[in-house]
Amino acid sequence: MRDPNAFGSTPRVGLVKEITSLSNPVIKDIRALSMKKHRDETGTFLAEGLKLVIDAIDLGWNIQTLIYAKARTSTEQVERIAALTVARGGLVLEVSDKVLTAITRRDNPQAVIAVFEQKLTPLSEIAPKADETWIALDRVRDPGNLGTIIRTADAAGASGVILIGETVDPFSTETVRATMGSIFAMPLVRTSEVEFLSWSAKSKALLVGSHLKGSVDYRSIDYMNRAVVLLMGNEQAGLPDSLASACSKLARIPQTGRADSLNLAIATGVMLFEARRHLLDLGDVTP
């Protein structure tokens with residue numbers, strides 16, 4: 001029997017609060033999610049866009065608070081999401097464009113946004129298997145880079161992203177936007193350098209570090225039939241010696257132009273798609 005609360009089922013009548021004032025305490029609390037301190041304290045984050053919210057629901061995420069602009073949303077999809085949110089104990093807010101603009105800090109915001117609970121996977125639960133590819137990132141500073149890497153990892157079929165040390169918050173608004181919804185599909189791990197090195201030593205995965213002084217062409221590495229962890233360094237400093245020395249391979253991407261390095265997200269994407277090339281095909285797509 002189909003779950004009557006499932007997305008796409010007949011909407012159920014629920015409580016919807018209409019808010020037009022920026023001084024409303026609920027709105028103030030949601031607006032505060034732009035600050036990392038508040039995200040950390042509440043364990044929540046904000047995501048924007050109807051498609052992104054639908055994708056999150058499809059992947060099993062529950063909405064804590066759904067916010068939509070009454071003047072711009074009257075679709076059956078929004079009504080069903082609102083009914084599902086209420087049925088699962090969430091709050092639904094119908095707000096003015098002014099309130100939505102204040103929450104998102106954008107002049108032309110999405111008509112639907114939602115508050116979700118953060119999800120992180122403990123490193124101790126990660127046991128890479130053959131043909132799994134994990135990305136480990138050391139102290140990434142740029143939210144756009146991190147969001148793009150999470151999105152790229154999703155596209156390439158990676159198993160997840162491990163964040164080492166003081167990285168930018170993966171649940172910041174800028175990072176979530178850059179993931180284009182992949183934040184809901186990719187397992188995320190936060191850990192210290194010490195914990196990562198200990199885990200890596202016990203893991204049977206091939207640890208491949210990207211390094212400007214690497215002596216191995218990243219294309220020459222045998223990635224087939226083995227678990228692989230791609231280790232990428234900080235945007236400015238690259239990999240520290242403590243992490244580089246733990247790598248099974250120190251790889252480099254050949255370059256011939258005048259640029260002395262690649263953007264971190266681009267470099268990660270290049271290495272990731274090479275590591276998974278033997279697992280990727282066009283399927284049934286015809287030319």
Side-chain angles (χ1 to χ4, degrees), residues 123 126 128 130-168 170 175 178 186-280:
L123 183 61
I126 305 302
D131 281 335
E132 283 191 354
T133 312
W134 286 79
I135 300 169
L137 304 171
D138 176 50
R139 295 168 297 135
V140 176
R141 301 298 190 196
D142 185 85
N145 274 341
L146 179 54
T148 300
I149 290 170
I150 292 171
R151 181 183 179 185
T152 304
D154 184 15
S159 295
V161 178
I162 301 170
L163 306 175
I164 304 170
E166 295 298 321
T167 67
V168 66
T175 302
M186 277 287 96
L188 298 177
V189 177
R190 298 204 74 159
T191 189
S192 67
E193 180 178 314
V194 172
E195 291 171 339
F196 175 79
L197 288 172
S198 176
W199 172 84
S200 178
K202 298 173 184 176
S203 170
K204 296 180 180 180
L206 176 70
L207 184 60
V208 179
S210 174
H211 204 290
L212 288 175
K213 296 181 180 179
S215 58
V216 179
D217 188 322
Y218 79 108
R219 298 167 297 183
S220 68
I221 298 172
D222 181 10
Y223 301 100
M224 295 181 66
N225 302 318
R226 60 202 311 180
V228 175
V229 177
L230 297 177
L231 177 57
M232 310 296 294
N234 170 268
E235 290 97 335
Q236 284 76 41
L239 283 179
D241 291 341
S242 54
L243 286 173
S245 61
C247 294
S248 306
K249 304 278 187 181
L250 278 182
R252 184 157 47 100
I253 301 172
Q255 298 173 221
T256 60
R258 295 188 63 183
D260 59 1
S261 64
L262 290 173
N263 166 270
L264 175 61
I266 296 295
T268 303
V270 169
M271 291 193 62
L272 177 60
F273 272 89
E274 177 62 25
R276 297 193 58 77
R277 180 161 57 96
H278 63 288
L279 298 168
L280 302 173

Problem - Asp222 atom CG, neighbour heavy-atom count above 12 within 6.0 Å - result: yes

Exercise for the section: Output yes when a side-chain donor or acceptor of Asn234 lies under 3.5 Å from a complementary backbone atom of Arg139, and no otherwise. Expected result: yes

Exercise for the section: Check whether any side-chain N or O of Trp134 sits under 3.5 Å from a backbone N or O of Ala205 as a donor-acceptor pair, and report yes or no. Expected result: no

Problem - Polar side chain donor-acceptor pair, Asn225 to His278, under 3.5 angstrom - result: no

Exercise for the section: Taking Arg276 for its side chain and Gly157 for its backbone only, find out whether a donor-acceptor pair lies under 3.5 Å. Expected result: yes

Exercise for the section: Check for a donor-acceptor pair, side chain of Glu235 on one end and backbone N or O of Asp142 on the other, with a separation under 3.5 Å. Expected result: yes

Handout entry: Thr148 backbone acceptor or donor facing Thr152 side chain under 3.5 Å
Key = yes

Problem - Leu206 versus Lys249, closest heavy-atom pair with distance - result: CD1-CG, 4.3 Å

Fill in the blank from the handout: Taken to the nearest 0.5 Å, the spacing of Asn145 CG from Ile150 CD1 works out to 11.0 Å

Exercise for the section: Keeping the roles fixed (side chain from Ser198, backbone from Val194), state whether a donor-acceptor pair exists under 3.5 Å. Expected result: no

Problem - Side-chain donor/acceptor of Ser200 to backbone N/O of Phe196, under 3.5 Å - result: no

Fill in the blank from the handout: Taking every heavy atom of Gln255 against every heavy atom of Ser261, the minimum-distance pair comes out as NE2-N, 3.8 Å

Handout entry: Minimum heavy-atom distance Pro170-Leu146, with the two atoms named
Key = CA-CD2, 3.8 Å

Exercise for the section: Answer yes or no: is there a side-chain heavy-atom contact under 4.5 Å between Pro128 and Ser159? Expected result: no

Problem - Test applied, side-chain contact (heavy atoms from CB on, under 4.5 Å); reference residue, Leu231; option that passes from Val208, Ile164, Ile162 - result: Ile164

Handout entry: Thr133 to Ala275 - nearest heavy-atom pair and separation
Key = CG2-CB, 4.5 Å

Handout entry: CZ on Arg219 to CZ on Arg252, rounded to 0.5 Å
Key = 11.0 Å

Handout entry: Residue pair Trp199 / Val189, side-chain heavy-atom distance below 4.5 Å
Key = no

Exercise for the section: Measure the spacing between OG1 of Thr175 and CZ of Arg151 and express it to the nearest 0.5 Å. Expected result: 14.0 Å

Problem - From CE (Met232) to OG1 (Thr268), nearest 0.5 Å - result: 3.5 Å

Practice task
Quick one: do Val216 and Leu250 satisfy side chain to side chain contact (heavy atoms under 4.5 Å, CB included)? Show the steps, please.
Solution key: CA-CA 6 Å; Val216 179; Leu250 278 182; 6.0 Å; no

Exercise for the section: Could you pull out the closest heavy-atom pair between Glu166 and Arg141, with the gap in Å? Expected result: O-NH1, 2.6 Å

Handout entry: Pairwise distance CZ(Arg277) to CE(Met224) - rounded to 0.5 angstrom
Key = 9.5 Å

Handout entry: Test item: Arg190 side-chain N/O and Thr167 main-chain N/O as donor-acceptor pair under 3.5 Å
Key = yes

Problem - Minimum heavy-atom distance between Ala265 and Ile149, given as atom pair plus value - result: CA-CG1, 3.7 Å

Exercise for the section: Quick one: pull up CG in Leu279 and CG in Asp131 and give me the separation to the nearest 0.5 Å. Expected result: 4.5 Å

